[in-house]
Each structure stands twice: as structure tokens, then as C-alpha cells.
Amino acid sequence: KDLSLMTRQLATLVRANIPLVDALTAVSEQVENPVLSEAISDCKNMVNEGQPLYKSLAKYPNIFNVIYVSMAEAGEMSGTLDVILIRLAEFTEAQAELNQKIRSAMTMPVIQLVIMVAAIFFLFIKVVPEIMAIFESMPGVELPYMTQLVNDISKELVAHWYIYIGVIVIAVLFFINWKNSTEGRKSWDAMILKIPVLGEVTRMIAISRFTRTLSTLLTGGVPMLTAMDIVRNVVDNHVLALAIDEARSNISEGESIAGPLKKSEQFPPIVIHMVNIGEKTGDLENMLTLVADAYDFQVKTKVETLTTIINPVMLVLMGLIVSVIFMAIMVPMFELSNKLG
């Protein structure tokens with residue numbers, strides 16, 4: 001959000017024919033984020049010394065990614081920096097909005113999961129042992145199988161909780177290490193696309209990023225082959241990146257973009273159809289933007305639907321686990337009460 005706001009402010013100043021150094025000075029003083037403000041101030045100094053803006057921005061890859069730098073370079077080379085900056089502002093705003101929607105939708109399920117796990121651990125480690133101690137102190141009380149099972153689980157967790165937490169931590173670290181490896185990333189990316197709902201959402205997000213980024217780069221005057229090199233990294237999926245690599249290779253040999261994408265079988269027919277029409281009519285950039293807008297809307301709808309399903313499912317799951325523990329405790333209590341009566 002800070003980046004998109006800064007970009008729009010810079011575009012407005014440049015469009016008003018304010019010299020670039022003065023525009024960068026004003027923006028660096030306006031930006032509230034200290035890291036971004038310092039980076040812009042440093043870029044202003046480099047531009048003042050004669051460096052091109054895009055080379056100054058490239059010094060901060062963690063703030064200005066390759067898309068941003070490439071667009072700035074194309075804008076400076078073509079003399080349309082103000083137009084390119086407006087495009088970049090719209091692009092970063094759209095990406096920030098999409099990411100915010102996904103985060104907002106997934107926040108509640110994550111909170112529910114944490115509360116559910118914490119509540120279950122509390123029941124097994126604190127509540128169950130105290131009640132079971134009462135039963136064990138009374139001779140002649142035979143515990144039902146379910147109660148005995150809950151008691152055994154509780155004793156195991158109380159005695160070796162640190163082992164289980166350690167196993168979970170090691171498993172998570174092992175998974176992250178495997179996922180970050182070359183082969184692990186390939187396997188994980190292929191696997192996640194096959195998961196019924198999650199795979200569909202992942203593909204939609206990747207296609208939205210691919211089409212919007214490619215449209216932004218082409219509109220900014222970045223050559224097609226260079227743009228394809230850049231967009232392969234924004235899909236964040238090895239399988240789809242390979243499909244884009246194959247398409248780029250075929251484009252370099254004179255083919256259209258729609259054919260190779262269709263051959264990869266990784267892009268939905270509607271995307272291929274829209275790209276094909278865009279190439280034939282010479283309006284590829286606008287067609288790609290339309291596809292991105294449509295997929296952004298679908299992602300929002302799918303994620304909202306997914307969260308409406310996840311929330312009650314998690315509540316029901318938690319209710320079942322708590323009910324089992326409750327029944328395991330209450331059944332022997334009723335039996336004990338009958339015997340005492």
C-alpha cells in the first residue's frame with residue numbers, strides 16, 4: 001500500500017512537469033514508511049548525480065521488484081515515465097487489494113484453528129487429569145473404554161508434551177526445507193494444483209498475476225520476450241512457470257502466445273480464447289487486463305465461499321472433539337452417581 005501510494009504521488013508530480021529530482025524529494029518527505037522514505041531519498045541522490053531512475057531503483061530489489069524496475073526503464077527510455085508510473089500505481093494497488101482480500105478471508109480460519117488446538121491441549125493437559133484423579137481415588141469404579149482412551153491420551157500428553165511439540169516443530173522445519181528445495185518445490189507445486197478447491201484458487205491467483213503483469217509490461221513498452229521472462233516469476237508456481245517458459249521459447253521462434261499456452265494444458269480455455277482474440281485484434285493488453293479483472297473477482301468469490309465452508313466445519317470438528325471428552329467424563333460420573341444412590 002505504501003509503495004502504490006508513493007508511485008501514484010510520484011506519477012502526479014512527474015505529470016505536472018515537476019523535475020524528477022524535485023518530485024523524488026517531495027515524495028521522500030511525504031512517505032510515512034521510514035524504510036521506503038530512506039530508499040526514495042537515496043534514489044533521489046543517485047538521480048541527482050546523473051544515474052537513471054531505474055538503476056537507482058534496482059539498488060533496492062526488496063522494495064522495487066524486477067517488474068517495477070523494468071517498467072521504470074521502459075518509461076524512461078520511451079519518455080513516458082508519467083504514464084508508466086500511473087500504470088505501476090494501478091498495478092501495485094490491484095496486487096495489494098487482491099493480497100488483502102486473501103489475507104482477510106483466511107485470518108478467521110487460522111485464528112479458529114489456533115484456538116481449537118489450544119483449547120484441546122488445555123482440556124487434555126489440565127482438565128481431564130484433575131477429573132480422572134477423582135475417579136482413580138475411588139475403588140471399584142470401572143472406567144468405560146472411551147473414558148480410558150481419553151485418560152491414556154491425557155497421561156501421554158502430560159508426560160511427553162515436549163516430545164510432541166518437538167516432533168511438530170521438526171516436521172514443520174523439514175517440510176519448509178523440502179518445499180524450498182528444487183525437487184521439493186516442483187513436487188509441491190504440482191501437488192497443490194491437484195487439490196480440489198485449493199488448487200483451483202491457486203491457479204486463479206497465478207493466472208490473475210500472469211495476465212495483469214504481462215498487460216502492464218506490454219503497455220509500458222517492455223518487449224514481449226523480456227516481459228515473458230519477468231512474468232514467469234510472478235505466478236509463484238513451478239508448473240505454470242514451465243508452461244510460460246515453453247510459450248516464450250515458441251514465441252521466440254515466431255509463434256503466437258495463445259498456441260503454446262493452450263498446448264501446456266495449464267491455462268483455462270477462456271484465457272486462451274481471450275489471448276487469441278487480443279492477438280488477432282491487436283488489443284492484447286486490454287484483453288489481458290479483462291482476464292485479470294475477471295479472475296480477481298473469481299478469486300474473491302472462491303475465497304469467501306471457502307471460508308464460509310471452513311468456519312462451520314472447524315466449529316463442528318471442535319464441537320465433536322469436546323463432546324467426546326465431555327461424554328468420556330460424564331458417563332462414569334453418571335454411573336458413579338447411580339452407584340452412590
Original post:
Do any N or O atoms from the side chain of Q266 and from the backbone of V239 form a donor-acceptor pair under 3.5 angstrom?
Top reply: no
**OP:** Answer whether the closest heavy-atom distance between the side chains of D296 and K300 falls below 4.5 Å.
**Re:** no
Original post:
Do you reckon F121 sits in the same ILVMFWY cluster as L123, going by side-chain contacts under 4.5 Å, direct or chained?
Top reply: yes
Subject >> M318 CE to S323 OG distance, which is reported to the nearest 0.5 Å >> reply: 10.5 Å
Original post:
Looking at side-chain heavy atoms only, is the closest gap between E73 and K55 below 4.5 Å?
Top reply: no
Original post:
What are the two closest heavy atoms between C43 and S56, and how far apart are they?
Top reply: SG-O, 3.5 Å
Subject >> 4.5 Å side-chain heavy-atom contact, V150 and F124 >> reply: yes
Original post:
Looking only at atom types and distance, does a side-chain atom of Q298 sit under 3.5 Å from a main-chain N or O of M204, one as donor and one as acceptor?
Top reply: no
Subject >> Check: L225 main-chain N/O paired with R248 side-chain donor or acceptor under 3.5 Å >> reply: yes
Subject >> Heavy-atom closest contact (L57 atom, A72 atom, distance) >> reply: CD1-CB, 3.9 Å
Subject >> From CG (L85) to OG1 (T92), nearest 0.5 Å >> reply: 10.0 Å
**OP:** Drop me the distance from N250's CG to M228's CE, to the nearest 0.5 angstrom.
**Re:** 9.5 Å
**OP:** Evaluate the side chain to side chain contact (heavy atoms under 4.5 Å, CB included) criterion for residues S4 and R8: first the C-alpha distance (whole Å), next the side-chain angles of each, then the deciding distance (0.1 Å), finally the verdict.
**Re:** CA-CA 6 Å; S4 62; R8 188 166 289 281; over 6 Å; no
Subject >> Residue pair V35 / N33: nearest heavy atoms and the distance that separates them >> reply: N-OD1, 3.0 Å
**OP:** Please confirm whether the backbone N or O of T301 pairs with a side-chain atom of T305, one donor and one acceptor, at under 3.5 Å?
**Re:** yes
Original post:
Can you tell me if E76 uses its side chain to pair, donor with acceptor, with the backbone of Y54 under 3.5 Å?
Top reply: yes
Original post:
So how far is it from L284 CG to N276 CG, rounded to the nearest 0.5 Å?
Top reply: 10.0 Å
Subject >> Beyond-backbone contact of D293 with R212, side-chain heavy atoms, under 4.5 angstrom >> reply: yes
Original post:
Is the closest side-chain heavy-atom distance between L288 and L218 below 4.5 Å?
Top reply: yes
Original post:
Step by step, would you call N237 with I192 a side chain to side chain contact (heavy atoms under 4.5 Å, CB included)?
Top reply: CA-CA 9 Å; N237 185 283; I192 202 167; 4.1 Å; yes
**OP:** Might you confirm whether atom CH2 of W178 has over 12 heavy atoms from other residues, nucleotides or ligands at distances under 6.0 Å?
**Re:** yes
Subject >> Single-linkage hydrophobic cluster, 4.5 Å side-chain cutoff, I86 and V27 together >> reply: no
Subject >> Residue pair L214, I257: steps toward the side chain to side chain contact (heavy atoms under 4.5 Å, CB included) verdict >> reply: CA-CA 12 Å; L214 185 58; I257 186 174; 3.8 Å; yes
Subject >> Smallest separation among heavy atoms of S249 and S252, with atom names >> reply: O-OG, 2.5 Å
**OP:** For residues L24 and L20, determine if any side-chain heavy atom of one lies less than 4.5 Å from a side-chain heavy atom of the other.
**Re:** yes
Subject >> Close side-chain approach of K1 to Q100, heavy-atom, < 4.5 Å >> reply: yes
Subject >> Backbone of S264 reached by a side-chain donor or acceptor of E246 within 3.5 Å >> reply: no
**OP:** Answer yes or no: is there a donor N or O on one side and an acceptor on the other, between the side chain of D42 and the main chain of E38, under 3.5 Å?
**Re:** no
Subject >> Same apolar cluster: V201 and V291, side chain cutoff 4.5 Å >> reply: yes
**OP:** Measure the OH-CD1 distance between Y295 and I207 for me, rounded to the nearest 0.5 Å.
**Re:** 4.5 Å
Original post:
Near E156 CD, under 6.0 Å, is it more than 12 heavy atoms from other residues, nucleotides or ligands?
Top reply: yes
**OP:** Run the numbers on V231 and V235 for side chain to side chain contact (heavy atoms under 4.5 Å, CB included), then give the verdict.
**Re:** CA-CA 7 Å; V231 295; V235 295; 6.0 Å; no
Original post:
Are any of the side-chain heavy atoms of D2 and E32 separated by less than 4.5 Å?
Top reply: no
Subject >> Verdict with supporting geometry, K302 and E200, salt bridge (Lys or Arg N to Asp or Glu O under 4.0 Å) >> reply: CA-CA 9 Å; K302 277 281 183 186; E200 188 179 0; 3.3 Å; yes
Original post:
With a cut-off of 6.0 Å (strictly less than), are more than 12 heavy atoms of other residues, nucleotides or ligands near CZ of F175?
Top reply: yes
Original post:
So, does S28 use its side chain to make a donor-acceptor pair with the main chain of S37 at under 3.5 Å?
Top reply: no
Original post:
In terms of side-chain heavy atoms, does D152 have a donor or acceptor partner in Q148 at a distance below 3.5 Å?
Top reply: yes
Original post:
So which heavy atom on S208 is nearest to which on T211, and how close?
Top reply: O-OG1, 3.2 Å
Original post:
From L242 CG over to K186 NZ, what is the distance, rounded to the nearest 0.5 angstrom?
Top reply: 7.0 Å
Original post:
Which pairs count as salt bridge (charged side-chain N to carboxylate O under 4.0 Å, His left out) when at least one residue sits in residues 12-26, sequence neighbours excluded?
Top reply: R15-D82
Subject >> Pairs flagged by side-chain hydrogen bond (donor to acceptor under 3.5 Å, both in side chains) wherever residues 281-291 is involved - sequence neighbours left out >> reply: S215-T289, D283-N286
Original post:
Mind checking whether F64 and Y68 have parallel, tilted or perpendicular rings, split at 30° and 60°?
Top reply: tilted
**OP:** Flag yes if L317 and I153 sit in one hydrophobic cluster, no otherwise; membership is Ile, Leu, Val, Met, Phe, Trp, Tyr, and two members link when side-chain heavy atoms are under 4.5 Å apart.
**Re:** yes
Subject >> Donor-acceptor under 3.5 Å (T213 side chain, F210 main chain) >> reply: no
Original post:
When hydrophobic residues are tied together by side-chain contacts of less than 4.5 Å, even through go-betweens, does V167 share a cluster with Y164?
Top reply: no
